[in-house]
A.B. asks: 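The structure follows.
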Number of protein chains: 2
Amino acid sequence: MSSLSPPPIPMELHAGNRQKLVDSIRRDLSSSNRSLDGFVLLQGGEEKNRYCTDHAELFRQESYFAYLFGVREPDFYGAIDIGSGKSILFIPRLPADYAVWLGEIKPLLHFKETYMVDMVFYVDEIVQVFNEQFKGSGKPLLYLLHGLNTDSSNFSKPASFEGIEKFETDLTTLHPILAECRVIKSSLELQLIQFANDISSEAHIEVMRRVTPGMKEYQMESMFLHHSYMYGGCRHCSYTCICATGDNSAVLHYGHAAAPNDRTFEDGDFALLDMGAEYHFYASDITCSFPVNGKFTSDQSLIYNAVLDAHNSVISAMKPGVNWVDMHKLAERIILESLKKGSILTGDVDDMMVQRLGAVFMPHGLGHFMGIDTHDTGGYPKGVERPKEPGLKSLRTARDLLEGMVITVEPGCYFIKALLLPAIENAATSKFFNRETVERFRNFGGVRIESDLVVTADGCKNMTNVPRETWEIEAVMAGGPWPPVTTKNNSTK
Amino acid sequence: MSSLSPPPIPMELHAGNRQKLVDSIRRDLSSSNRSLDGFVLLQGGEEKNRYCTDHAELFRQESYFAYLFGVREPDFYGAIDIGSGKSILFIPRLPADYAVWLGEIKPLLHFKETYMVDMVFYVDEIVQVFNEQFKGSGKPLLYLLHGLNTDSSNFSKPASFEGIEKFETDLTTLHPILAECRVIKSSLELQLIQFANDISSEAHIEVMRRVTPGMKEYQMESMFLHHSYMYGGCRHCSYTCICATGDNSAVLHYGHAAAPNDRTFEDGDFALLDMGAEYHFYASDITCSFPVNGKFTSDQSLIYNAVLDAHNSVISAMKPGVNWVDMHKLAERIILESLKKGSILTGDVDDMMVQRLGAVFMPHGLGHFMGIDTHDTGGYPKGVERPKEPGLKSLRTARDLLEGMVITVEPGCYFIKALLLPAIENAATSKFFNRETVERFRNFGGVRIESDLVVTADGCKNMTNVPRETWEIEAVMAGGPWPPVTTKNNSTK
Ligand SMILES: [Mn+2]
Ligand SMILES: [Mn+2]
């Protein structure tokens, strides 16, 4: 059961996103003395079949298109007239037998109302419409989306259609501006991200409560997917669920087809669950780590609390102006200090930081922007360089925080043989390791704690609501309520 | 809960599939006096990102590759030496940091043992290996997969790799032979299809029991997905779930992104659920239709029993040698007769058949081969022509049945406005309609009943096990057991 139900989807959100883009692009064009004529043009995603078959993959809209238009159907185009700010959707002209196989063929007006745009035409009218609507002189100018995704190293595919050669096209202006629009979230966007967080938090708790030793990892995935779809209406997840137990939790992106959450876990195992539901395109990205039998051992507590201290310290320090690389280093330092206290490491922590020892235990970045993509746009705009040092180079952004950014805080501490063994042998770092203690953690796997934060005017707000303290987790796994029942004076029972 | 658990996966199945292909291709080459030298070469599926992002889509192997090698990882190649029958897998050489992000880098021997092949090399050794292994004269000959999928009208993509120009390639021999191998199922294949059917049948029953008016259609999907993953280990479905209620059930392929199972259904609504889980690549494809409140009305019984009679009559008639177009017509005739008995139609049924009136109520084909693809290969081999008449042209095969074929039997009866209204107006067919009664069914939607059958030596076996009679459905929805409890003399209680 659930206390939640899917909220209505406000299409004003996308109208707001379009207005924001128009304002930004006008500022940019004005500042370089360019004309405000022309159209932004995006091509929506296309439905795809699996290989040569007629198996249709479940369609999920391309993210930039989703941001501007919120359209859930495939094969659309969308445009914005920069001069007037008016928006246009182009929809595919469906064959008559679509009505038999795929559903009612809806009129243009339906899409105009549903998606709150100014005009709707068919895709085959695109050339004519641009010619008629263009108010400038010469060939109409189309601003197309082309630019690097700094997480994938892939380039977005600019819109194309029959007759595009009749237009002037600009491939450089739009991408950095639109990517930057997505970085700062509006309050309507935050509401959807909050709901994705609410249902995913609840689903994580549901899984914690139902886990028992002897289960398969994928059964935790199944419970999560079911809860977030059944009660949250979330048909898609933000990413493939990572349900790692035992030393699988030292595999950062476990859960894919070649490592498909198929281990049977046993009493004494630790679980790392990184799972997030998506609601109307907007992501959540939450990691909980806990012992599958519901009781932390002292070694599990040691590593868990090292990571939790880092998680909490970063959240306490976050506010506009703070640099994300500094937050990553703060998390590293706290983890290294804890490992020293736990006699796993020995020596001077400043020295460890110079040797980048933190990257042995946390090879991934501290967190990433999150929005319509789990790894959202804008991490490395022009002028922000990716660091080159181990660990830091994995950061998906090196920016200073701004109010309205949504970013994950996900420190981790892993015992990854492929990193640990070389570091123990390395002349520069071997001195730091207490080999006997390290040996005890050889098959420990890892711990990650991940929450989704929105940066506020003077700090940040945690959108994720799951038990984090070891005693909170133990209480919830033993059947206790979440959130804990509070007495009148607000102390927790 | 469930009485089932995922069975072990026998890799001998794929070794058997390879042997079958080698035998077939040798026969073919011998019959045309061609040399038995050369290699069959297939390229496995590649993992894909969503648009320009780093969002990795959950990988599902290409079906021909899955058939021959059973490989669950992306980016493999697989070959079979036609002369010796020996099998070779080529695996990608993974970068060192794969171990940190994606998991242990497994040695060649691991894949040799897991997939029961004779040799394993890296993909970058492919040119060298073929040159070394080739026993014939001249350039080594590669038989590549290239041919039409008659359901999608797409062509399979032949393998390609750097250096392929150093080889002779044959693009015509392999496809028809391999497609035909997949038509007749081995006993090991049937065991997996049976398990996919068992868990999907159980999941359908679970959904029937939990349905209550006021739910959303997608909640039925969520319950099905959860049951088949949680207890059957089925991470993939054979196709996107169709969870249609009310007049959505007249949309044959409802449930896709533009019609996403999002209606709230009410007391009195009828549901059509077409859902099937996939187990180790092998499909199930099951449709159940029932009233969401658990009690059939007389109109619902009328249409339901028309379809059930067709379903049962076809199954009774199926055996080797029977032609599938005849089975389709048998189903049509029974449905038309029932509609006449129910006073929806009037006139001579033979005359209706001549006018193809059946296609108004059942515009899709009676059923299709099913295996690694839901719409499996081999429906229209050379020499079998697709019929051109309404309804019949939708058939995915027009073949005579053979022992070992797996085929769905899925008659349906729908009130589809886009077909019904023109037929009522049409001079040749208007006379058949009792307009008053038809009007009563205007928003009825439709009924489909779909089971998966394997053709046996003297008949067929139904692999699907769900309640089908109206009283069986009502009993199960009221909480009764399935299968029903039998007394000693085998009569059902
Ligand atoms: Mn994350
Ligand atoms: Mn089917």
Side-chain angles (χ1 to χ4, degrees), chain A residues 45 47 49-63 72-74 96-97 99-104 149 151-152 154-157 216 218-219 221-223 225-226 229-230 233 235 238-240 248 251-254 256-260 262 363-364 373-375 416-419, chain B residues 45 47 49-63 72-74 96-97 99-104 149 151-152 154-157 216 218-219 221-223 225-226 229-230 233 235 238-240 248 251-254 256-260 262 363-364 373-375 416-419:
Chain A
E47 198 172 56
N49 282 3
R50 195 169 69 198
Y51 308 106
C52 67
T53 73
D54 67 346
H55 177 106
E57 306 283 6
L58 183 60
F59 175 71
R60 198 276 193 182
Q61 188 56 273
E62 192 278 327
S63 295
R72 64 184 187 181
E73 295 90 348
D97 70 348
V100 175
W101 295 88
L102 295 160
E104 189 197 344
N149 181 303
D151 292 308
S152 67
N154 296 329
F155 283 81
S156 52
K157 174 176 122 31
K216 291 276 193 184
Y218 65 70
Q219 295 186 302
E221 179 179 5
S222 185
M223 290 187 280
L225 297 175
H226 179 49
Y229 196 12
M230 185 82 185
R235 197 177 203 185
S238 308
Y239 49 90
T240 300
N248 291 337
V251 177
L252 304 180
H253 288 171
Y254 185 73
H256 55 100
D262 61 353
H364 62 70
D373 287 315
T374 307
H375 300 150
I416 303 171
K417 293 179 186 71
L419 299 176
Chain B
E47 197 171 57
N49 282 4
R50 195 169 69 199
Y51 307 105
C52 68
T53 72
D54 67 345
H55 176 106
E57 306 284 5
L58 183 60
F59 174 71
R60 197 275 195 182
Q61 187 57 271
E62 192 279 326
S63 295
R72 64 185 189 182
E73 295 89 348
D97 71 348
V100 175
W101 295 89
L102 294 161
E104 188 197 345
N149 181 303
D151 292 308
S152 67
N154 295 328
F155 283 81
S156 53
K157 176 173 119 34
K216 292 276 193 184
Y218 64 72
Q219 293 185 303
E221 178 180 6
S222 185
M223 289 188 281
L225 298 175
H226 179 49
Y229 197 11
M230 186 80 185
R235 197 178 203 184
S238 307
Y239 50 92
T240 300
N248 291 335
V251 177
L252 304 180
H253 288 170
Y254 186 73
H256 55 99
D262 60 353
H364 61 70
D373 288 315
T374 306
H375 300 151
I416 303 172
K417 293 181 186 71
L419 299 177

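Chain letters run A, B, ... following the sequence lines, proteins first and then strands; every chain starts at 1. Heavy-atom basis, side chains included; hydrogens, waters and symmetry copies ignored. For clarity, every value in this text was computed on a predicted model and none was experimentally measured.
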A.B. asks: If you count heavy-atom pairs under 4.5 Å between each of B/Leu419, B/Asp97, B/Val100 and chain A, which one has the most?
C.D. replies: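 Looking at each of B/Leu419, B/Asp97, B/Val100 in turn, B/Val100 comes out on top.
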A.B. asks: So for B/Asp262, is it side chain, backbone, both, or neither that comes closer than 4.5 Å to the heavy atoms of chain A?
C.D. replies: side chain
A.B. asks: Quick one: are B/Ser63 and A/Arg50 in side-chain contact, heavy atoms under 4.5 Å?
C.D. replies: yes
A.B. asks: Quick check: closest heavy atoms across A/Pro363 and B/Trp101, and the distance to 0.1 Å?
C.D. replies: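 Residues A/Pro363 and B/Trp101, closest heavy atoms: O-CZ2, 4.2 Å.
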A.B. asks: Heavy-atom distances under 4.5 Å only: say whether A/Phe155 touches chain B with side chain, backbone, both or neither.
C.D. replies: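 It is the backbone, since no side chain atom gets that close.
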A.B. asks: What residue in B/Glu47, B/Met230, B/Gln219, B/Glu57 has the most heavy-atom pairs under 4.5 Å with chain A?
C.D. replies: B/Met230
A.B. asks: If you count heavy-atom pairs under 4.5 Å with chain B, which of A/Ala99, A/Ala56, A/Gly103 comes out on top?
C.D. replies: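 Option with the top pair count is A/Gly103.
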A.B. asks: Under a 4.5 Å heavy-atom cut-off, does chain A meet the side chain of B/Ala96, its backbone, both or neither?
C.D. replies: neither
A.B. asks: Which residues pass the side chain to side chain contact (heavy atoms under 4.5 Å, CB included) test with A/Thr240, sequence neighbours left out?
C.D. replies: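 Partners of A/Thr240 by the side chain to side chain contact (heavy atoms under 4.5 Å, CB included) criterion, ordered by chain and then number, come out as B/Leu58, B/Arg235.
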A.B. asks: Nearest 0.5 Å, what's the OG1-CG distance between A/Thr374 and B/Asp54?
C.D. replies: 8.0 Å
A.B. asks: Tell me whether A/Ser156 contacts the main-chain N or O of B/Cys52 through its side chain, where contact means a donor paired with an acceptor under 3.5 Å.
C.D. replies: no
A.B. asks: Could you have a look at B/Asn49, B/Ile416, B/Thr53 and say which one has the most heavy-atom pairs with chain A under 4.5 angstrom?
C.D. replies: B/Thr53
A.B. asks: So how far is it from A/Tyr51 OH to B/Lys157 NZ, rounded to the nearest 0.5 Å?
C.D. replies: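 With rounding to 0.5 Å, OH (A/Tyr51) is 10.0 Å from NZ (B/Lys157).
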A.B. asks: Give me the atom names and distance for the closest heavy-atom approach of B/Val251 to A/Leu102.
C.D. replies: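 Heavy atoms only, the tightest pair is CG1-C, 3.2 Å.
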A.B. asks: Only pairs of heavy atoms separated by less than 4.5 Å count here; which of B/Lys417, B/Glu73, B/Arg72, B/Met223 has the most with chain A?
C.D. replies: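 Looking at each of B/Lys417, B/Glu73, B/Arg72, B/Met223 in turn, B/Arg72 comes out on top.
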A.B. asks: For chain A, find which of B/Glu221, B/Gln61, B/Lys216 contributes the most heavy-atom pairs closer than 4.5 angstrom.
C.D. replies: B/Glu221
A.B. asks: Checking B/Glu104 now: which residues fulfil side chain to side chain contact (heavy atoms under 4.5 Å, CB included) with it, not counting sequence neighbours?
C.D. replies: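 For B/Glu104, the residues satisfying side chain to side chain contact (heavy atoms under 4.5 Å, CB included) (neighbours in sequence not counted) are B/Lys106.
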A.B. asks: Any donor and acceptor pair, going by atom type alone, linking the side chain of B/His55 with main-chain N or O of A/Ser238 inside 3.5 Å?
C.D. replies: yes
A.B. asks: Relative to chain A, which segment of B/Tyr254 carries a heavy atom at a distance below 4.5 Å: side chain, backbone, both, or neither?
C.D. replies: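 Backbone only.
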